[in-house]
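Report on the structure given below.
These values consider heavy atoms only, across backbone and side chains, with no hydrogens, waters or symmetry-generated copies.
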Amino acid sequence: NINKLFFQVRARGDALYNSTLVPKHENLDSLFDPLEYVIKKTRDTDIEIHAWFNTYILWSNPKKPQDDNHFYYKCADCFEVDLNGKSDGLIELEQFHSLNWEGVFLSPMHPDVNKHLLNVLDELVYTYEIDGIHLDYIRYQDTFYGYNEYGLIEFENLFSINPVDLKRGIISERYGYNQNFVDSIKYEWQQFKVNKITEFVRSVKYLILNDSLNIKLSAAVKPDIMEAKYRWHQDWTEWVKEDLIDFCVVMNYYTDLNKYNAINTIISNQIYQKNKINIGISAFNQSPSSISNKILISRM
């Protein structure tokens with residue numbers, strides 16, 4: 001009774017289909033189109049094909065992309081930047097990275113990034129008869145990222161404050177600022193980062209609606225509602241409430257049953273649109289019996 005397939009079409013800034021905008025995945029035969037293949041195989045079935053699209057993560061291999069047309073080489077200013085001003089574009093890929101390192105990210109702050117991603121999605125939905133778009137990595141790398149220069153300039157033009165000075169402690173009572181003002185600016189900066197992600201999701205939704213496409217929009221989201229918003233700046237509960245996404249897949253990958261159930265309980269108490277919530281259970285880090293227990297408790 002499987003009725004949906006999340007079929008990956010974008011892994012690391014590439015295409016697992018035929019595209020004129022981004023290069024094909026390096027491990028694919030140039031003549032093979034995986035997306036077209038799976039669409040043909042499921043055409044006379046009830047199975048929906050949802051194009052699984054890794055959004056802001058761009059690269060994670062120890063060697064740089066082989067194809068010069070990869071976006072990795074197209075925009076030196078488009079990379080994510082951390083609090084210390086280091087761009088992901090300067091990362092030495094072959095060096096050892098921490099276990100938490102996921103890869104090189106694009107910055108949601110840079111207008112050319114979201115424009116590029118929308119163009120890629122636009123080509124995808126017009127070229128292939130898919131049933132949905134599933135956005136993954138629709139977030140920042142972590143709380144200490146989001147300092148791309150374009151975003152800093154835009155924020156400073158709005159509020160006459162450089163967000164870097166907030167983190168450095170310069171915008172504080174010690175330097176003559178009222179605490180209410182400091183708290184207000186911190187909130188505005190948090191919301192500014194959140195809004196950049198939400199604006200992109202809204203743009204994808206409008207792309208679908210404006211062209212009267214019968215395509216569902218979904219997203220893979222972090223399980224802890226507060227952490228999702230204030231660490232990853234992924235305000236997915238608002239996406240649900242505003243009807244920007246048709247459903248979300250909550251990445252509840254906790255192996256501990258009590259922690260797993262606590263997350264689901266909080267979501268159940270906070271979200272009224274239960275039909276838009278799907279629980280993603282990890283299969284890579286637990287036994288089949290543990291998985292089946294979580295399926296049962298989720299249904300309950």
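Note: Ile263 CD1 to Ser268 OG = 12.5 Å, rounded to the nearest 0.5 Å. For the atom pair CG of Asp256 and NZ of Lys259, the computed distance is 9.0 Å after rounding to the nearest 0.5 Å. Note that CG of Asp82 is 9.0 Å distant from OG of Ser87, once rounded to the nearest 0.5 Å. Once rounded to the nearest 0.5 Å, the distance linking NZ of Lys222 with OH of Tyr253 reads 8.5 Å. Put simply, CG on Leu207 and CG on Leu217 are 9.5 Å apart, with the number rounded to the nearest 0.5 Å. Taken to the nearest 0.5 Å, the NE2 atom of His70 stands 8.5 Å off from the CG atom of Asp67.
Counting only N and O atoms by type, the side chains of Tyr254 and Asn261 include no donor and acceptor under 3.5 Å apart. Counted by atom type alone, Asn3 and Asp46 present zero donor-acceptor pairs between their side chains at under 3.5 Å.
Both Tyr73 and Leu58 sit in one connected hydrophobic cluster of ILVMFWY residues. Membership requires side-chain heavy atoms under 4.5 Å apart, directly or through other members. Phe7 and Met251 are members of different hydrophobic clusters when ILVMFWY side chains are connected at heavy-atom separations under 4.5 Å. Cluster membership check: Phe32 does not share its hydrophobic cluster with Val9, using side-chain heavy-atom separations under 4.5 Å among Ile, Leu, Val, Met, Phe, Trp and Tyr. Note on Ile245: it does not cluster hydrophobically with Trp232, by side-chain heavy-atom contacts below 4.5 Å among ILVMFWY residues.
A salt bridge (charged side-chain N to carboxylate O under 4.0 Å, His left out) check over residues 8-23, counting only residues at least two apart or in different chains, returns nothing. Sorted by first then second residue, the salt bridge (charged side-chain N to carboxylate O under 4.0 Å, His left out) pairs that include residues 120-143, not counting sequence neighbours, are Glu102-Arg139, Asp142-Arg231.
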Would Asn285 and Ser282 count as a side-chain hydrogen bond (donor to acceptor under 3.5 Å, both in side chains) if you check the C-alpha gap in whole Å, the side-chain angles of each, and the deciding distance to 0.1 Å? CA-CA 7 Å; Asn285 60 353; Ser282 55; 2.7 Å; yes
Show your working on side-chain hydrogen bond (donor to acceptor under 3.5 Å, both in side chains) between Tyr17 and Thr127 and close with a plain yes or no. CA-CA 10 Å; Tyr17 58 94; Thr127 309; over 6 Å; no
Verdict with reasoning, Ile208 to Val125, per side chain to side chain contact (heavy atoms under 4.5 Å, CB included): CA-CA 9 Å; Ile208 294 170; Val125 297; 5.6 Å; no
Assess whether side chain to side chain contact (heavy atoms under 4.5 Å, CB included) is satisfied between Thr55 and Phe200, documenting all intermediate values. CA-CA 10 Å; Thr55 311; Phe200 177 74; 3.8 Å; yes
Derivation and outcome, side chain to side chain contact (heavy atoms under 4.5 Å, CB included), residues Tyr175 and Val182: CA-CA 11 Å; Tyr175 290 95; Val182 175; over 6 Å; no
Start with the C-alpha distance between Val240 and Cys248, add both sets of side-chain angles, then the distance that settles side chain to side chain contact (heavy atoms under 4.5 Å, CB included), and finish with yes or no. CA-CA 8 Å; Val240 170; Cys248 63; 4.3 Å; yes
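The 12-atom threshold is exceeded at NZ of Lys274, counting heavy atoms of other residues, nucleotides or ligands nearer than 6.0 Å. Other residues, nucleotides and ligands contribute at most 12 non-hydrogen atoms within 6.0 Å of the CG atom of Asp44. Under a cut-off of 6.0 angstrom, the local environment of OH in Tyr37 is sparse, with at most 12 non-hydrogen atoms contributed by other residues, nucleotides or ligands. In this structure, Arg174 places its CZ atom where only 12 or fewer heavy-atom neighbours from other residues, nucleotides or ligands lie under 6.0 Å away. Residue Asn157 qualifies as enclosed at atom CG: its count of foreign heavy atoms under 6.0 Å is above 12.
Using a 4.5 Å cut-off on side-chain heavy atoms (C-beta onward), Asp88 and Tyr145 make contact. When side chains are defined from C-beta on, Gln234 counts as touching Trp239, because their heavy atoms get closer than 4.5 Å. Between Leu124 and Leu35, some side-chain heavy-atom pair lies under the 4.5 Å cut-off. Side-chain contact between Val250 and Asn278 is absent, with no heavy-atom pair separated by less than 4.5 Å. With a 4.5 Å cut-off on side-chain heavy atoms, Ile297 and Tyr260 count as touching. Contact check for Asn84 versus Phe144: no side-chain heavy atoms found under the 4.5 Å cut-off. Side-chain contact check for Tyr272 versus Lys241: every heavy-atom pair is 4.5 Å or farther apart. Two residues are said to be in side-chain contact when any heavy atoms from C-beta on lie closer than 4.5 Å; Leu93 and Asn61 fail this criterion.
Between His50 and Phe247, the gap from one ring centroid to the other is short of 6.0 Å.
The minimum heavy-atom distance between Cys78 and Asn148, with the atom names listed, is C-ND2, 4.2 Å. Scanning all heavy atoms of the two residues, the minimum distance from Ala11 to Asn54 falls at O-ND2, 3.1 Å. Across Gln66 and Glu26, no two heavy atoms sit closer than the pair N-OE2, 2.7 Å. Taking each heavy atom of Pro23 and Gly13 in turn, the nearest pair found is CD-O, 4.3 Å. Heavy-atom minimum distance, Ile2 versus Ile47: O-CG1, 3.6 Å. The two atoms that bring Pro34 and Leu16 nearest to each other are CD-O, 3.5 Å, heavy atoms only.
The existence of a salt bridge linking Glu48 and Lys216 is confirmed by a sub-4.0 Å separation between a basic side-chain nitrogen and an acidic carboxylate oxygen. For Arg202 and Glu242, the salt-bridge test passes: some basic side-chain N is under 4.0 Å from an acidic carboxylate O.
Tested against Phe53 for a side-chain contact (heavy atoms from CB on, under 4.5 Å), the candidates Ile138, Val120, Val204 yield a single pass: Val120.
Legend: residues meeting side-chain hydrogen bond (donor to acceptor under 3.5 Å, both in side chains) with Asp243, ordered by chain and number and at least two apart, are Lys276.
When hydrophobic side chains of Ile, Leu, Val, Met, Phe, Trp and Tyr are connected at separations under 4.5 Å, Tyr230 ends up clustered with Met226.
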Show me, pair by pair, the donor-acceptor contacts under 3.5 angstrom made by side chains of residues 183-192, not counting sequence neighbours?
from   : atom 1 : to     : atom 2 : distance (Å)
Asp183 : OD1    : Gln179 : NE2    : 2.8
Gln190 : OE1    : His233 : NE2    : 2.9
Gln191 : NE2    : Asn195 : OD1    : 3.2

For residues 104-118, dump all side-chain donor-acceptor pairs below 3.5 Å to protein atoms at least two apart in sequence or in another chain.
from   : atom 1 : to     : atom 2 : distance (Å)
Ser107 : OG     : Met109 : N      : 3.0
His110 : ND1    : Asp112 : N      : 3.1
Asn114 : OD1    : Tyr56  : OH     : 2.7

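Using cut-offs of 30° and 60° for the angle between ring planes, the Phe155 and Phe159 rings count as tilted.
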